[in-house]
Amino acid sequence: MSKQTDASISVGTESNSRPCGGCDKVAVKNRYADCGQESCKAFHRLPQSPFLSPSSALYRHQRSAASRCTSTLSCKDDRSYYITTPIFYVNASPHLGHLYSAVIADCLHRYKLLQGFNSKFGTGTDEHGLKIQQAAEAAGKDPLNFCTDVSERFKHLFNSCNISYTDYIRTTEQRHHQAVKHFWSVLWNKGLIYKGSYEGWYSTQDESFLTSLQVGDALDSSGKEIKVSLESGHKVEWMKEENYMFRLSAFRSQLLDWLRGNPRAIQPELFSQIVQQVLQEDLADLSVSRQRSRLQWGIPVPGDAEQTIYVWLDALVNYLTVAGYPDKHDQWWNVAHHIVGKDILKFHAIYWPAFLLGAGLPLPQTIYVHSHWTSGGKKMSKSVGNVVDPVECSQKFTIDGIRYFLLRQCIPESDSDYTDDKVRKLLNAELADTLGGLLNRCTAPALNPAQVYPAFCPQSFPYEQGGRAVVEDYHMLDSVKNLPAVVEQHYESMHVYKALEAIIACVRKTNGFVQRHAPWKLDRRDSEDQRWLDTILHVSFECLRIYGTLLQPIVPGISNILLSRLGVQPGERSLADVNFLPRHQGMDCPFEGRALGSDSGVLFTRLENPNLDKQSPKKTKKADKLK
Ligand code: MSP
């Protein structure tokens, strides 16, 4: 501990750093290697992030390996992927916004598995800190029991919503305590943590330190004047105490270099711009501990039982713990991707990379940022009292229904307002009518009495335009053929809504194709008509097979029903299997002639509006009649 005391200096609320005139670094007041300039005390020992220049080479290598891969088995082991959600505070039950973060991560994890990656997916709960300590006190519970109770609620929600995490971490676990203490010691040994005194604003609700510029005036519910965070609206308090400081100020230019050199490190780009803007200004050093007398519920600072490690440093290290830190984390840590809401961008895009640079570890490959779900125009939160219960939603709209809605409706760059009515309208239009209608039409026994994957007739639908196919049919084939690449591109940039937009546009085109040729009007006693009818169905089945395959990360249940109905086996559902309509190019189709799977009912049942008692009965569609 003596080492820590040696390094003690006192700092104020603002940065104790100043730019060095002789080099590009930021000078800090302590024992560092200097740059050779007489006056410079800038820190030059920091390891270079592997992402600074050769950086994205790894990413590009993986991308090209991914596109070369033709077999999920052959390339599985040499490609790893690691995706995380933020870990969730356990001060209150989960709401729809939390589920949204988890559904995005689950979607990307499932998508990587489909690509043949060996994917790890971490989620869990953030259980330390003042906010949780106070919530447990208010509930009159022992903190650990309190945390276990709420953590189980998150876990239960995720299990019930098919969030296929591979590791569920709780920050109260021993393995995590060890990782945090180790991480702290690494930063300490590199001289990046020193004893100081912090004075400034603190928001317990956000567990965040704020500068005067980030704070404004407001009235609380009793009309009393208070100070609040301008960003979150949460109450802030002035605090002054002795604690440990991290030399965040020393990392500003490295962080900027990282973001400038890796424009895809923070996505969507808008958020990278925001962070770069913040980094134009000096960074203050960061308080990374609290006095134990104020905060008992947390991990003690190694060697100083009077101090507790700041909850954000503790929480961020969870990503390393799951990766196997400190013993064997390389396989996963080199390929880490984080999903975060925009409210926690500062912690992930500034503090976290600075900690990692300090500890000599690679930076995350991507930080995917999403915006918020609002309800009644305000961000969902327990304190506002406008939260939407995800369990209730999944009961009302089904699990796949709510997953589809969340991913289809929310645009990462902007907030979306939630209403039940929007969910009903979207799901009825896209899942029930468009996708369900297409499957229903094409598998109807009236059109396909043998219940097989019908034969394709090249004379009816030749490779070059002709036969009975028309120009729109060839355009439709082109769109479906390109769809996997289009979807891949959108998944990679976390624009899942665009992937869904593209898929549903193709489903509509296929419906148009069926409608145009009205197979129910063909005369099955005429052999040419029969061949054309089978060809229409074969093409539609092939389209459905592609849609079912690409939709697996979003609606795993519905995709399974769809693919099983088409007779596509579990081992034939990866992205390497898509190979759309091989018969059109004169190749064999492994599905042709195969028996269809059993009919397990409608793909997605239309949702009624409970507020409309006497809804006029919807006209039965022709396709339903055919069944
Ligand atoms: N515990 C921290 C994260 C630590 S990660 C090292 C935390 N927890 S949280 O429970 O408040 O938020 C977890 C995630 O839920 C964040 O990504 C946050 O953006 C997201 N959401 C919380 N409310 C939300 C909405 N209303 N809408 C969308 N996502 C929202 O922050």
Side-chain angles (χ1 to χ4, degrees), residues 83-105 122-132 135 147 150-151 153-154 157-158 163 169-172 176 179-180 183 203-208 229 231-234 271 298 309-323 336-353 355-356 364 367-390 393 402 405-407 409-418 494:
I83 183 97
T84 67
T85 69
I87 46 169
F88 300 89
Y89 284 132
V90 288
N91 60 313
S93 291
H95 61 61
L96 197 72
H98 299 132
L99 179 62
Y100 178 57
S101 284
V103 168
I104 301 175
T123 190
T125 42
D126 186 354
E127 307 191 2
H128 291 135
L130 207 51
K131 164 161 148 161
I132 309 300
C147 291
V150 185
S151 183
R153 275 183 246 164
F154 274 95
L157 171 71
F158 294 162
I163 305 298
I169 179 149
R170 297 182 54 189
T171 52
T172 43
H176 179 66
V180 172
F183 191 77
S203 159
T204 304
Q205 197 58 27
D206 304 327
E207 297 284 15
S208 178
S229 154
E231 194 189 335
S232 69
H234 292 137
F271 294 105
I309 295 178
Y310 174 41
V311 63
W312 267 102
L313 194 155
D314 168 346
L316 288 161
V317 172
N318 95 84
Y319 302 133
L320 282 171
T321 311
V322 169
H337 304 257
H338 302 313
I339 301 287
V340 303
K342 65 180 182 183
D343 53 325
I344 53 175
L345 184 58
K346 166 178 83 179
F347 305 97
H348 285 83
I350 297 180
Y351 297 176
W352 184 224
F355 292 153
L356 290 167
I367 300 172
Y368 291 111
V369 188
H370 65 76
S371 296
H372 292 145
W373 281 97
T374 58
S375 156
K378 291 199 172 130
K379 184 187 174 215
M380 249 174 241
S381 87
K382 192 190 166 199
S383 48
V384 180
N386 62 347
V387 293
V388 175
D389 179 357
C393 282
I402 203 67
F405 175 75
L406 290 174
L407 293 171
Q409 192 72 24
C410 204
I411 295 169
E413 288 88 343
S414 52
D415 293 348
S416 306
D417 202 54
Y418 176 90
M494 207 190 77

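None of these values were measured; they are calculated from a predicted model. Numbering of residues begins at 1 and proceeds along the displayed sequence. Whatever order the structure lists ligands and atoms in, that order sets their numbers, starting from 1.
In this structure, atom 15 (O) of ligand 1 lies nearest to the protein heavy atom H98 CD2, 3.4 Å. Nearest protein heavy-atom contact of atom 13 (C) of ligand 1 is F88 CD2, 3.5 Å. At the top of the distance list for atom 20 (C) of ligand 1, counting protein heavy atoms only, stands S101 OG, 3.6 Å. When hydrogens are left out, the protein atom nearest atom 31 (O) of ligand 1 is I344 CG2, 3.4 Å; that is the closest non-hydrogen contact. From the protein, the heavy atom lying nearest to atom 3 (C) of ligand 1 is I87 O, 3.1 Å. In this structure, the protein non-hydrogen atom closest to atom 17 (O) of ligand 1 is G341 N, 2.9 Å. Protein heavy atom nearest atom 18 (C) of ligand 1, with residue, atom name and distance: D343 OD1, 3.5 Å. In terms of protein heavy-atom proximity, atom 7 (C) of ligand 1 is closest to Y89 CE1, 3.4 Å.
Counting heavy atoms closer than 4.0 Å to ligand 1, residue P86 contributes atoms from both its backbone and its side chain. Residue W312 touches ligand 1 through its side chain alone, judged by heavy-atom distances below 4.0 Å. Within the 4.0 Å heavy-atom criterion, both parts of H372, backbone and side chain, lie near ligand 1.
Checked against the 6.0 Å centroid criterion, the rings of Y100 and Y418 do not qualify as a close aromatic pair.
Here is the list of ligand 1 atoms found below 4.0 Å of a heavy atom in S371: 28 (C). Atoms of ligand 1 lying under 4.0 Å from at least one heavy atom of M380, given by number and element, are 26 (N). Close contacts of ligand 1 with A315, meaning ligand atoms under 4.0 Å from a residue heavy atom, involve 6 (C). Close contacts between ligand 1 and D126 involve ligand atoms 1 (N), 2 (C), 4 (C) [criterion: under 4.0 Å to a heavy atom].
A salt bridge does not link K131 with E207: none of the charged nitrogens is closer than 4.0 Å to a carboxylate oxygen.
Of the options F154, Y100, Y319, the smallest heavy-atom separation from atom 5 (S) of ligand 1 is shown by Y319.
Using modelled atom types, no side-chain atom of D314 and backbone atom of G298 make a donor-acceptor pair closer than 3.5 Å. Side chain of T171 to main chain of E127: a donor-acceptor pair is present (N/O by atom type, distance under 3.5 Å, no hydrogens or angles). A distance-only check finds no donor-acceptor pair linking the side chain of T85 to the backbone of S101 [under 3.5 Å].
Ring-plane geometry between H372 and H370 is classed as perpendicular, the angle between the planes exceeding 60 degrees on a 0 to 90 degree scale with a lower cut at 30.
Considering backbone and side-chain N/O of W373, one or more are found under 3.5 Å from N/O of ligand 1. For the pair L316 and ligand 1, the shortest N or O to N or O distance does not fall below 3.5 Å.
A pairwise comparison of heavy atoms in I367 and H348 identifies CD1-O, 3.3 Å as the closest pair.
Within the 4.0 Å heavy-atom cutoff, E207 does not count among the residues contacting ligand 1.
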Could you walk me through whether S416 and Q409 satisfy the side-chain hydrogen bond (donor to acceptor under 3.5 Å, both in side chains) test, starting with their C-alpha distance in whole Å, then the side-chain angles of each, then the deciding distance to 0.1 Å, before giving a yes or no? CA-CA 7 Å; S416 306; Q409 192 72 24; over 6 Å; no

